[in-house]
Amino acid sequence: EKYIIDACRSFDVTHDAPTPIAVVNEPSSEDTADASPFLPKAEASKFRSLTGTLLFAYNSCRPDIAFAVELLARAMSQPMEKDLLAAKRPLSYLFGTARHGIVYHSDEVVTSNELFHNIALGLASDRLGA
């Protein structure tokens, strides 16, 4: 929750969105490359940082934004203005649902040796067809 709130503050997102991506029924003339020029270096860096922030949130506890983050990741090499606007949508969604997510916890303390041993056993059983 704190990570999401801090990210929203960093990228000036102060409102929530009902979904992580915008729903578009039919393509518009604005979807062409001519309507949305490539971002200058500073803005492109901001887009990449925002996408990385969303990727971390997706990987750690918010799988509900997976599709939106995957679409944004496609534009990492040459982001356009429309991509930067689209990147703020999932962050707005996270802002409204900051208390949601997956929490991982365990009552047991597992050492790294035990964890490595269990992983190795699992890999060995996969190779043996068990």
Side-chain angles (χ1 to χ4, degrees):
E1 181 181 0
K2 182 182 179 332
Y3 179 79
I4 291 169
I5 299 302
D6 289 345
C8 289
R9 215 174 274 132
S10 296
F11 294 103
D12 299 323
V13 172
T14 57
H15 63 283
D16 60 336
T19 61
I21 58 174
V23 178
V24 179
N25 293 333
E26 36 184 272
S28 66
S29 60
E30 295 175 7
D31 291 336
T32 62
D34 296 335
S36 184
F38 293 118
L39 292 172
K41 254 187 177 180
E43 292 294 307
S45 178
K46 181 178 179 181
F47 169 80
R48 291 182 186 104
S49 179
L50 176 51
T51 303
T53 298
L54 293 169
L55 186 60
F56 178 79
Y58 151 66
N59 279 330
S60 60
C61 62
R62 295 302 299 262
D64 52 336
I65 62 168
F67 185 71
V69 173
E70 187 268 332
L71 290 177
L72 294 171
R74 292 179 184 183
M76 290 288 271
S77 64
Q78 291 186 326
M80 297 181 179
E81 286 180 17
K82 67 178 183 150
D83 299 321
L84 183 57
L85 292 174
K88 289 191 176 190
R89 178 75 183 223
L91 191 58
S92 296
Y93 169 76
L94 290 177
F95 181 77
T97 59
R99 292 184 162 260
H100 300 177
I102 298 174
V103 178
Y104 301 98
H105 59 84
S106 174
D107 295 336
E108 297 178 31
V109 176
V110 180
T111 66
S112 58
N113 284 339
E114 289 174 318
L115 184 60
F116 178 74
H117 181 71
N118 291 339
I119 292 171
L121 284 177
L123 293 175
S125 66
D126 286 346
R127 280 183 268 159
L128 297 174

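These numbers were taken from a predicted model, which means no experiment stands behind them. Nothing fancy with the numbering, it's 1 onward along the sequence.
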Full working for side chain to side chain contact (heavy atoms under 4.5 Å, CB included) between Tyr93 and Arg62: CA-CA 11 Å; Tyr93 169 76; Arg62 295 302 299 262; 3.6 Å; yes
Nearest heavy-atom neighbours spanning Ala75 and Phe47: O-CE2, 3.7 Å
Closest non-hydrogen atom pair between Arg89 and Ala17, with its separation: NE-CB, 3.5 Å
Sub-4.5 Å side-chain heavy-atom contact between Phe11 and Lys46: yes
N/O donor-acceptor pair under 3.5 Å between Ser45 side chain and Lys41 backbone: no
Phe95 to Thr14 - nearest heavy-atom pair and separation: CE2-O, 3.5 Å
Heavy-atom pair with the smallest gap, counting every atom of Asp16 and Gly96: CB-CA, 3.3 Å
Distance in Å, Asp83 CG paired with Arg74 CZ, rounded so as to fall on 0.5 Å steps: 11.5 Å
Sub-4.5 Å side-chain heavy-atom contact between Glu81 and Leu39: yes
Polar side-chain atom of Arg48 near backbone of Ser77 as donor-acceptor pair, under 3.5 Å: yes
Residue among Thr19, Leu54, Ile21 satisfying side chain to side chain contact (heavy atoms under 4.5 Å, CB included) with Pro90: Leu54
Partner of Val13 by side chain to side chain contact (heavy atoms under 4.5 Å, CB included), out of Leu50, Ile4, Leu91: Leu91
Neighbour count above 12 (heavy atom, 6.0 Å) for Tyr58 OH: no
Inter-residue atom distance Cys61.SG - Tyr3.OH, 0.5 Å rounding: 9.5 Å
Met76 reachable from Leu72 in the ILVMFWY side-chain graph, under 4.5 Å edges: yes
Straight-line distance of Ile65 CD1 to Leu55 CG, nearest 0.5 Å: 8.5 Å
